[in-house]
Amino acid sequence: LRAGALARLVLVGIEGGNAEDRARASRALAEALRADAQFTQIANGDGQSLQADRAFVFKQRYLLSPTIDAARFAELQATAGADFVVELIDTFLLEAPAMLEELRAARSAADADRFRRAAHSLKSNANTFGATTLGALARDIELAGMKPDAAADAARIDAVEAEFLHAAKALKELAHG
């Protein structure tokens with residue numbers, strides 16, 4: 001994401017005058033900017049290179065979404081190596097459903113320590129990959145512990161599971177394309 005349409009985006013608004021004057025000023029500005037080699041693309045509301053931009057954004061969508069923190073994921077790859085990160089992701093995707101089941105089982109057994117440990121494991125693993133929303137949801141469960149209302153805990157676990165499915169899809173895409 002260090003190059004292309006999303007690396008540097010400048011939006012310009014033109015005010016004053018009537019609509020015809022603003023349109024003329026917009027076209028003149030776009031023409032002048034297109035002549036400047038510092039700019040790779042000037043869209044000015046037209047569809048110029050729209051397909052390439054769409055393809056780029058679609059390919060990078062999981063790094064652009066809040067599901068996975070791109071900086072944290074890149075740091076993990078730089079530290080551990082991209083191939084090892086793929087192995088870590090595959091292991092997490094296999095083990096996380098058991099962590100979720102452990103969370104549910106601990107709640108059913110009313111075992112507060114086991115409940116917190118399961119949430120802690122899920123939180124730590126999620127944060128390793130930059131799955132920050134998943135990590136935050138699991139952290140909230142870890143810190144708050146079990147609620148007196150089992151239905152409230154079930155809803156929190158359901159939210160964690162839904163976010164895990166979202167993060168898992170993103171991690172699979174990042175690992176295997």
Side-chain angles (χ1 to χ4, degrees), residues 1-86 88-90 92-93 96 100 122-144 152 155-177:
L1 300 180
R2 286 179 169 64
L6 300 176
R8 289 170 300 280
L9 174 66
V10 178
L11 300 174
V12 176
I14 298 176
E15 296 179 333
N18 61 38
E20 187 177 308
D21 291 340
R22 288 190 304 272
R24 190 174 20 263
S26 178
R27 285 190 298 273
L29 177 60
E31 185 177 325
L33 293 175
R34 283 187 182 114
D36 187 329
Q38 294 181 72
F39 295 94
T40 58
Q41 178 185 12
I42 306 299
N44 197 31
D46 56 23
Q48 191 177 28
S49 77
L50 188 58
Q51 284 302 101
D53 292 341
R54 280 186 181 152
F56 177 79
V57 170
F58 183 78
K59 183 176 180 190
Q60 305 299 326
R61 67 193 179 278
Y62 293 115
L63 292 177
L64 297 171
S65 79
T67 302
I68 305 297
D69 180 292
R72 192 174 297 172
F73 189 82
E75 182 181 336
L76 176 64
Q77 286 183 311
T79 303
D83 291 340
F84 186 56
V85 170
V86 169
L88 291 173
I89 289 171
D90 290 342
F92 174 64
L93 296 177
L100 286 163
L122 196 54
K123 172 200 73 176
S124 299
N125 279 276
N127 286 336
T128 295
F129 300 108
T132 54
T133 302
L134 176 59
L137 290 170
R139 183 195 66 229
D140 290 346
I141 290 176
E142 176 190 16
L143 295 177
R156 294 189 305 157
I157 295 168
D158 289 345
V160 169
E161 184 170 27
E163 184 58 28
F164 165 71
L165 294 174
H166 194 70
K169 183 176 180 181
L171 288 169
K172 283 178 191 172
E173 181 71 25
L174 289 168
H176 301 291

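What you see is a predicted model; the values in this text were computed from it and never measured.
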* To do: Measure the CG-OG1 distance between Leu88 and Thr128 for me, rounded to the nearest 0.5 Å.
  => 8.0 Å

* Quick one: CZ on Arg24 to CG on Asn18, what's the gap to the nearest 0.5 Å? -> 7.5 Å

* Measure the spacing between NE2 of His176 and CG of Leu171 and express it to the nearest 0.5 Å. => 9.5 Å

* Hey, does Val160 have a side-chain heavy atom less than 4.5 Å from the side chain of Glu163? -> no

* Beyond-backbone contact of Ile141 with Leu137, side-chain heavy atoms, under 4.5 angstrom -> no

* For residues Ala167 and Ile68, report the shortest heavy-atom separation together with the two atoms involved. => O-CD1, 4.3 Å

* So, Glu31 and Arg27, do they make that salt bridge, N to O below 4.0 Å? -> no

* **Leu100 CG to Glu161 CD distance, which is reported to the nearest 0.5 Å** => 5.5 Å

* To do: Check the pair Lys169, Glu173 against salt bridge (Lys or Arg N to Asp or Glu O under 4.0 Å), reporting the backbone distance first and the verdict last.
  => CA-CA 6 Å; Lys169 183 176 180 181; Glu173 181 71 25; over 6 Å; no

* Parallel, tilted or perpendicular for Phe92 and Phe164, by the 30°/60° rule? -> perpendicular

Just distance, no hydrogens or angles: give the donor-acceptor pairs under 3.5 Å from side chains in residues 71-81, sequence neighbours left out.
unit_1	atom_1	unit_2	atom_2	d
Arg72	NH1	Asn127	O	3.3
Thr79	OG1	Glu75	O	2.8

* Asked: Does a sphere of radius 6.0 Å around CG in Asp83 hold more than 12 heavy atoms from other residues, nucleotides or ligands, not counting ones at 6.0 Å or beyond?
  -> no

